[in-house]
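Every number for a ligand or one of its atoms is a count from 1 in the order of the listing.
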Amino acid sequence: MALLLGAIADDFTGATDLANNLVRAGMRCVQVLGVPDSSIELPDVDAVVVALKSRSIPADEAVAQSLEALEWLQAQGTRQIFFKYCSTFDSTEEGNIGPVSDALLEHLSGRQTVMVPAFPINGRTVYQGHLFVGDRLLNESGMEHHPLTPMTDADLVRFLARQTPHPVGLTSRTVLSQGVDATSRHLGSLAEQGVRHVICDTLDENDLDVLADAVVDYPLVTGGSGLGLALPDQYRRRGWLQPVAEPGRLDKATGSALVLSGSCSRATLAQVARFLEHYPGIALDPLALSKGDEHLAQALAFAREQLASGGPVLIYASADPERVKAAQDALGVARAGELVEHAMGQLASCLVDEGVGRLVVAGGETSGAVVTALGVRQLRIGGQIDPGVPWTQSPMPGCDGQLSLALKSGNFGGEDFFSRAFGVLDELTTGRAGHESAR
Ligand SMILES: Nc1ncnc2c1ncn2[C@@H]1O[C@H](COP(=O)(O)OP(=O)(O)O)[C@@H](O)[C@H]1O
Ligand SMILES: O=C(O)[C@@H](O)C(=O)COP(=O)(O)O
């Protein structure tokens, strides 16, 4: 098997987001969780997204895991590598976007890569190197309160420069608006000056098309999932990718419905509040979790009772910035996060064992913890609930052999996401979904 595109994603929701866009743009794509071992059997696909949980770990470990993924993808004969990180550039001054990009570029003997975090349909745009979420600069978007990677600088050229010893350049909207040739020339002249990383402005899908055309031959591209919507068209134009009749079909979904939420983003907090207006839920508190098993046992008992009477039910650690800070002050940032993630993993394992077959998880790290605890190795991508969030399925003992999973990025989804998700799954798996355009 030769792959047109091999992606290395730094978290699990981000991986699903990219896989979703590749499928919507007409690629046959599968997502694998962690670097596969030799026993994995892959279907015939054009792209594979390897999901890592490397966004918030020490930079040297993130580099090692990413290089392992690269080696595996190269062994599959992959034509182009895509390093997928968050559309809100989630990272710290230590990394991991800079160190991982540097290592991948070096191993691919590339002289330059582009950094394209934008995802315009979800309101992430870049202008003069500054990242916007909707009409706010990144550092005023709520991301400044992120529990693990608080984003306090919207100037990506300046911010990335702290993560890499190499110079960071900018391809501005003014250049992009002059078209593909001007953009290629500009990137080329930056490369001649030794600029290995180029932050790219992006206001809309047209900018993504120009960028995709200009970098289709780069060994490495990096960014959010927006670029993943634009690249397949360039592959098709060059005759490398054949049209696919029907990507993304899912089997009938069975089993009860559960939502686990560990994201503390503004979007998720609103989704939690909306869900609780109509359905039952129980909060997890990291401080109570740190005191022993009783808190987790209570949440499990509550969920069992609600699931027995039909569900859906929500278990959430999502909390506002003051409560997150209080937990972090008492326990430390890493420990507070670990307690919640561990609890979410245990809840998922028990409840899927007992009959949950439709599971929504909110939060990238949280999703990583949950699918790892469940032992999920491969996801088939189905139709989307909201931009960036598809339903997926994975083989699983119980639930008629298939677990339906939606891994929601903290920041994505409409306010009614949690309740609507199950209706969308029903439509998708009974074939009642209407055809939507890819963008
Ligand atoms: N109440 C809380 N206090 C402290 N940390 C929390 C709390 N709830 C969740 N967390 C942690 O915050 C992190 C949220 O990250 P993540 O799941 O990636 O969400 P997002 O997708 O919004 O970034 C996780 O590590 C989670 O365990
Ligand atoms: O690009 C994005 O915004 C998402 O795909 C993403 O990376 C999700 O990360 P979380 O917000 O941590 O779920």
Side-chain angles (χ1 to χ4, degrees), residues 7 9-21 31 49 51-57 82-91 97 116-124 131 133 138 141-143 145-151 222-229 260-269 271-272 283-290 295 315-345 361-371 386-390 406-413:
D10 70 352
D11 88 340
F12 285 48
T13 44
T16 315
D17 172 18
L18 176 60
N20 179 50
N21 279 355
Q31 177 176 339
V49 180
L52 301 179
K53 196 171 179 303
S54 57
R55 185 175 290 174
S56 304
I57 61 177
F82 191 136
F83 172 36
K84 161 72 179 66
Y85 41 78
C86 196
S87 62
T88 44
F89 216 73
D90 297 18
S91 53
I97 295 176
V116 188
F119 190 8
I121 200 170
N122 267 348
R124 279 79 167 140
L131 182 50
V133 178
L138 175 65
S141 69
M143 282 305 294
H145 300 304
H146 190 281
L148 305 178
T149 47
M151 299 304 293
T222 84
S225 68
L227 190 60
L229 269 180
L260 296 174
S261 177
S263 161
C264 301
S265 72
R266 272 187 200 164
T268 304
L269 292 177
Q271 290 157 352
V272 167
L284 286 181
D285 172 10
L287 286 165
L289 287 171
S290 73
H295 186 56
I315 308 176
Y316 62 101
S318 313
D320 60 35
E322 289 74 36
R323 291 192 30 226
V324 170
K325 184 168 183 316
Q328 291 181 334
D329 286 348
L331 299 164
V333 173
R335 178 88 185 118
E338 275 161 24
L339 281 163
V340 170
E341 290 179 31
H342 182 69
M344 291 295 184
V361 189
E365 299 293 329
T366 310
S367 295
V370 165
V371 297
D386 275 332
V389 198
L407 306 180
K408 189 195 82 72
S409 153
N411 294 301
F412 289 175

Min side-chain heavy-atom separation R124-V133 under 4.5 Å: yes
Least distance between heavy atoms, A317 atom then M344 atom: N-CE, 3.8 Å
Residue and atom name of the nearest protein heavy atom (relative to atom 18 (O) of ligand 1), distance in Å to one decimal: E365 N, 2.7 Å
Identity of the nearest option to atom 22 (O) of ligand 1, non-hydrogen atoms only, from A327, G363, S263: S263
Distance filter under 4.0 Å to D17 heavy atoms, resulting ligand 2 atoms: 1 (O), 2 (C), 4 (C), 5 (O)
L148 heavy atom under 4.0 Å from ligand 1: yes
Nearest neighbour of atom 9 (C) of ligand 1 from the list G364, G337, S261, G262, on a heavy-atom basis: G262
Side chain S225, main chain G228, donor-acceptor under 3.5 Å: no
Pair L284-I315, side-chain contact (heavy atoms from CB on, under 4.5 Å): steps then yes or no: CA-CA 7 Å; L284 286 181; I315 308 176; 3.8 Å; yes
Heavy-atom proximity to atom 6 (C) of ligand 1, best of V370, V333, V340: V340
side-chain contact (heavy atoms from CB on, under 4.5 Å) between L138 and T88, worked out: CA-CA 7 Å; L138 175 65; T88 44; 3.7 Å; yes
Residue portion contacting ligand 1 (non-hydrogen atoms closer than 4.0 Å) for A317: both
Residue part near ligand 2, for R55, under 4.0 Å between non-hydrogen atoms: side chain
Part of L284 with heavy atoms under 4.0 Å of ligand 1, whether side chain, backbone, both or neither: neither
Those atoms of ligand 2 less than 4.0 Å from some heavy atom in N411: 11 (O)
Check: G364 N/O within less than 3.5 Å of ligand 2 N/O: yes
Side-chain H-bond candidate by donor/acceptor type, D17 with S409, under 3.5 Å: no
S261 versus S318, side-chain donor and acceptor atoms under 3.5 Å: yes
Polar atom proximity, S409 to ligand 2 (N or O, under 3.5 Å): yes
Ligand-side contact atoms (ligand 2) for residue partner F412, heavy atom cut-off under 4.0 Å: 2 (C), 3 (O), 4 (C)
Side-chain (T268) to main-chain (C264) donor-acceptor, under 3.5 angstrom: no
Numbered atoms and elements of ligand 1 in range of P147, under 4.0 angstrom, heavy atoms: 12 (O)
Check: A288 main-chain N/O paired with S290 side-chain donor or acceptor under 3.5 Å: no
Exercise: identify the closest heavy-atom pair between V116 and Y85: N-OH, 3.7 Å
Ligand 1-proximal atoms of H146, by part, heavy-atom distance under 4.0 Å: side chain
Stepwise side-chain contact (heavy atoms from CB on, under 4.5 Å) test for F82 and T222: CA-CA 5 Å; F82 191 136; T222 84; 5.9 Å; no
Atom indices of ligand 2, in the order listed, that fall short of 4.0 Å to a heavy atom of G410: 10 (P), 11 (O), 13 (O)
T16 and Q31 side chains, donor-acceptor separation under 3.5 Å: yes
Part of A319 with heavy atoms under 4.0 Å of ligand 1, whether side chain, backbone, both or neither: side chain
Backbone of S265 reached by a side-chain donor or acceptor of H146 within 3.5 Å: no
Min N/O separation E341 to ligand 1 under 3.5 Å: yes
D11 and ligand 2 - part of the residue with a heavy-atom distance under 4.0 Å: side chain
Short N or O distance, S409 and ligand 1, threshold 3.5 Å exclusive: no
Numbered atoms of ligand 1 (with element) below 4.0 Å of C264, judged on heavy atoms: 7 (C), 8 (N), 9 (C)
Residue T13 vicinity, atoms of ligand 2 by number, heavy atom under 4.0 Å: 8 (C), 9 (O), 10 (P), 13 (O)
Member of R55, K84, K53 meeting the side chain to side chain donor-acceptor pair (under 3.5 Å) criterion with D10: R55
P286 neighbourhood, listing ligand 1 atoms whose heavy-atom distance to it stays under 4.0 Å: 1 (N), 2 (C), 3 (N)
Mode of K84 contact toward ligand 2 - side chain, backbone, both, neither (heavy atoms, under 4.0 Å): side chain
Donor-acceptor under 3.5 Å (T149 side chain, D90 main chain): no
Contact atoms of ligand 2, heavy-atom distance to S87 under 4.0 Å: 1 (O), 2 (C), 3 (O)
Atom indices of ligand 1 within 4.0 angstrom of G410 heavy atoms, with elements: 20 (P), 21 (O), 22 (O)
T366 neighbourhood, listing ligand 1 atoms whose heavy-atom distance to it stays under 4.0 Å: 17 (O)
Derivation and outcome, side-chain contact (heavy atoms from CB on, under 4.5 Å), residues L52 and D11: CA-CA 5 Å; L52 301 179; D11 88 340; over 6 Å; no
